[in-house]
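To start, the structure itself, in structure tokens.
For the single chain, residues carry numbers from 1 onward in sequence order.
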Amino acid sequence: MAEFHEVPVVEVNCENIREIWPGLLLAIKTSTFIAIDTELSGLGERRQLFAKSIDDRYKAIGDVAKSRSIIALGLSCFKLQPRSSDRREEVVDNGDGRRNDRRSLCMKFVVQTFNLFTLSNESYVVEPLSLRFLVEHGFDFNLQYAKGLPYASGNDRPSAKADDGIEYVRQLFVEIAVSRVPVVLHNALVDLIFLYQSFYATLPPTLTSFSTDLSQIFSEGIYDTKYIAEFKAHLQASFLEYSFRKCQRGNCVQSSQRMPYVDISFLAYNESMLLNVVLLTCGLKDQPCHRDIGKTTLCQNFAAHGWCASGAKCPNSHDVDMILDSEELVILKKKEKRTKKNKRKDSVDLQDISVAMSERDGAMRSPEPKGCVELTSEPSYEQQPCDVEDVTKNAAKKLVPVSRCGGHRAGFDAFMTGYIFASFLAKFGRVKDGVTEGRTVGDFGVAEELSNRVYLGGKDFPLQIASSNFSKPSKSHLEKWERLQSCSAAD
């Protein structure tokens, strides 16, 4: 379905990890790509995160990662579904010189999203500003401290294993690495450094060694949706919630106009799993808010960067839908001026603007049946869609309207990141010649242009993740990678 209203998120902690673990591993191993997000106990001195020297920036973030911790890890596993063989073939002109098989316009994904609470075994710094921000956005610190999955950062230590012999979070990172699946992050540099230090090994001393290690750990590519949003899609803003909402609205319009779009389905869980599922609302607003633009003052700092120093106390609006409607209104007014200047008979007046925006809202709200795939004790992505209301009726709902308070829950943020990437894949990807149907991200011809390019704040170029002839992989990585390859060969 091009439009969806709720996202089921499986909340994972030390009490339910054994039950969820097999399904989580299956979701990872069968994914087309995995979106990752983290919540952190702090980021340190913000100015150091934007140091002019990229090497200095890496060292500063590395020092922060060694003294702070990951308090929640979000994973959203996107599985691309094969096209239906019984759909009628039809050729459609996109209007830009490209012609598509009608069947190829829809990219169907089945999605599973997990939110893992994590708790470092070591002492770590907790920053008041970070805690206040997370509390304002609904983070449950009581649950994190009581039931967080324990882990020890740095190199592997046998003494750090859990009671059943598995340190789940670190093993999860290993499973992602050996699965050879592309990973997707938003503003990836900080997350990658924290993930490496917390769940893999001690950080290398140099950025070039770190980059070389990552190119081997994530051999199928790292995709940064913030980089794509700014340098490929050229969005007016690129913070996570804005990019997600922009893609969500655009996807509905593209579906109604017979352009390439993304179709999302979610898994329905059995009754025992439903106790761990939280539904988060993110549906598009039923009522257009462009009529209220003149009555409400938008926070310009939030509109540009997705962050405001005043936080919840800011007197101005942080409503992303209103920000987007305001942008569209400006575009339509510019169109009106151009038509008047050219003295066209079909010039648009203000009433036409309102009508046009209402039609846009109507397209985004076009009703479609909600679909999902039923998950039994042995999950399968090949099962047939069922009614998503099965989840709605049984799961305990915790509704978090995205348009009002944002996600800032690692699992939901991971889903937003994955959805943004899927939308960009539908928009910019084209199945390579000789490939009958795209099954992997590499089949869509975007890897060369978009993969392994990490966004750098304040720079007009990305960080390239690649091995270098002038730098060797770190010793810690080589030793661990050799062990992992030996284990994989034995299995």
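- Under the side-chain hydrogen bond (donor to acceptor under 3.5 Å, both in side chains) criterion, Gln236 pairs with no residue, sequence neighbours left out.
- Residue pairs that meet the side chain to side chain donor-acceptor pair (under 3.5 Å) test with at least one member in residues 182-197, sequence neighbours left out, are Thr38-Asp191, His186-Thr225, Tyr196-Asp213, Tyr196-Ser474.
- Taking CG of Leu456 as the start and CZ of Phe50 as the end, the distance is 10.0 Å to the nearest 0.5 Å.
- Interatomic distance, CD of Glu241 versus CG of Asp319, reported as 8.5 Å (0.5 Å rounding).
- Taking the six-membered ring for Trp and the full ring otherwise, the centers of Tyr419 and Phe412 sit at least 6.0 Å from each other.
- Aromatic pair Tyr223/Phe33: ring centres not closer than 6.0 Å.
- Looking at Ser153 and Glu122, their side chains do bring a donor and an acceptor atom within 3.5 Å of each other.
- Under a cut-off of 6.0 angstrom, the local environment of CZ in Arg180 is sparse, with at most 12 non-hydrogen atoms contributed by other residues, nucleotides or ligands.
- Between the side chain of Ser67 and the backbone N or O of Asp63 there is at least one donor-acceptor pair closer than 3.5 Å.
- At distances below 3.5 Å, not a single donor-acceptor pair connects side-chain atoms of Arg68 with backbone N or O atoms of Ser41.
- If you take CG on Asn16 and CZ on Arg18, they are separated by 11.5 Å, rounding to the nearest 0.5 Å.
- Salt-bridge annotation for Glu230 and Arg453: absent, with no side-chain N of the basic residue lying under 4.0 Å from a carboxylate O of the acidic one.
- Taking every heavy atom of both residues into account, Gly418 and Phe78 meet most closely at C-CZ, 3.4 Å.
- Taking the six-membered ring for Trp and thresholds of 30 and 60 degrees, Phe266 and Phe415 have ring planes inclined between 30 and 60 degrees apart.
- Taking the centre and axis of the six-membered ring of Tyr200, the NZ or CZ atom of Lys480 falls inside the cone set by 45° and 6.0 Å.
- Although no hydrogens or angles enter the test, the distance criterion places a donor-acceptor pair under 3.5 Å between the side chain of Glu127 and the main chain of Leu43.
- The heavy-atom pair separating Tyr151 from Ser69 by the smallest distance is OH-CB, 3.3 Å.
- Using a distance-only test at 3.5 Å, with no hydrogens or angles considered, a donor-acceptor pair links the side chain of Glu167 to the main chain of Ala152.
- Between Pro204 and Tyr58, the closest heavy-atom pair is O-OH, 2.7 Å.
- A heavy-atom distance below 4.5 Å is not found between the side chains of Asn452 and Leu214.
- For Phe444 and Phe424, the ring centers are positioned 6.0 Å apart or more.
- Put simply, the side chain of Asp156 reaches to within 4.5 Å of the side chain of Arg170, judged on heavy atoms.
- Using a 4.5 Å cut-off on side-chain heavy atoms (C-beta onward), Val10 and Tyr269 make contact.
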Open item on the list: With side chain to side chain contact (heavy atoms under 4.5 Å, CB included) as the criterion, how do Val278 and Asn115 come out once you've worked through the C-alpha distance, each side chain's angles and the decisive distance to 0.1 Å?
Closed with: CA-CA 10 Å; Val278 175; Asn115 187 75; over 6 Å; no
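- Look at Arg249 and Glu327 and you find no salt bridge, because none of the NZ, NE, NH1 or NH2 atoms lies under 4.0 Å from a carboxylate O.
- Residues meeting the side-chain hydrogen bond (donor to acceptor under 3.5 Å, both in side chains) test with Ser179, sequence neighbours left out: none.
- Annotation for Lys459: atom NZ counts as buried by contact number, over 12 foreign heavy atoms lying within 6.0 Å.
- In this structure, Ile193 CD1 and Lys66 NZ are separated by 10.5 Å, a value rounded to the nearest 0.5 Å.
- Annotation: the span from Thr297 atom OG1 to Met322 atom CE amounts to 10.0 Å, rounded to 0.5 Å.
- Side-chain atoms of Ser53 come within 3.5 Å of backbone atoms of Asp56 as a donor-acceptor pair (strictly under, hydrogens ignored).
- Classification of Lys313 and Glu136 as a salt-bridged pair fails, no side-chain N sitting under 4.0 Å from a carboxylate O.
- Note: Tyr242 and Phe239 have tilted aromatic rings, judged against thresholds of 30 and 60 degrees for the angle between ring planes.
- With a 4.5 Å cut-off on side-chain heavy atoms, Leu298 and Ser317 count as touching.
- Residues Val181 and Lys29 fail the side-chain proximity criterion, which asks for heavy atoms closer than 4.5 Å.
- Here the side chains of Phe139 and Leu131 are not in contact, with every heavy-atom distance at 4.5 Å or above.
- Between the Thr118 side chain and the Ile70 main chain, a donor and an acceptor come within less than 3.5 Å of each other.
- A side-chain donor-acceptor contact under 3.5 Å links Ser211 to the backbone of Ala466.
- Put simply, the side chain of Leu185 does not reach to within 4.5 Å of the side chain of Asp224, judged on heavy atoms.
- Under the side-chain hydrogen bond (donor to acceptor under 3.5 Å, both in side chains) criterion, Lys246 pairs with no residue, sequence neighbours left out.
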TODO: Please test His477 against Ile217 for side chain to side chain contact (heavy atoms under 4.5 Å, CB included), starting from the C-alpha separation and ending with a verdict.
DONE: CA-CA 9 Å; His477 164 67; Ile217 295 171; 3.6 Å; yes
Task: Test side chain to side chain contact (heavy atoms under 4.5 Å, CB included) applied to Glu479 and Asn155, step by step - done: CA-CA 10 Å; Glu479 292 176 350; Asn155 294 328; over 6 Å; no
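- In this structure a side-chain-to-backbone donor-acceptor pair under 3.5 Å is missing from Gln81 to Ser265.
- Not a single donor-acceptor pair under 3.5 Å links the side chain of Asp37 to the backbone N or O of Gly74.
- Under the 4.5 Å side-chain criterion, counting only non-hydrogen atoms from C-beta, Met416 is not in contact with Gln248.
- For Lys232, the side-chain hydrogen bond (donor to acceptor under 3.5 Å, both in side chains) test picks out Glu449, with sequence neighbours left out.
- Rounding to the nearest 0.5 Å places CD1 of Ile176 at 4.5 Å from CD1 of Ile28.
- Side chain of Ser209 to backbone of Lys472: a donor-acceptor contact under 3.5 angstrom is found.
- Across all non-hydrogen atoms, the minimal contact from Val190 to Leu40 is CG1-CD1, 3.8 Å.
- Counting heavy atoms of neighbouring residues, nucleotides and ligands inside a 6.0 Å radius, atom CD of Glu482 does not exceed 12 of them.
- Taking the side-chain contact (heavy atoms from CB on, under 4.5 Å) definition, one finds that Ala60 meets it with Gln48, sequence neighbours left out.
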Open item on the list: Using side chain to side chain contact (heavy atoms under 4.5 Å, CB included), reason through Leu203 and Phe210 one step at a time and then give a plain yes or no.
Closed with: CA-CA 7 Å; Leu203 283 166; Phe210 177 67; 3.8 Å; yes
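- Between Phe117 and Asp140 the shortest heavy-atom distance is CE2-O, 4.1 Å.
- Residue Val262 comes nearest to Asn251 through the heavy atom pair N-OD1, 2.7 Å, listed as atom of the first residue, atom of the second, then distance.
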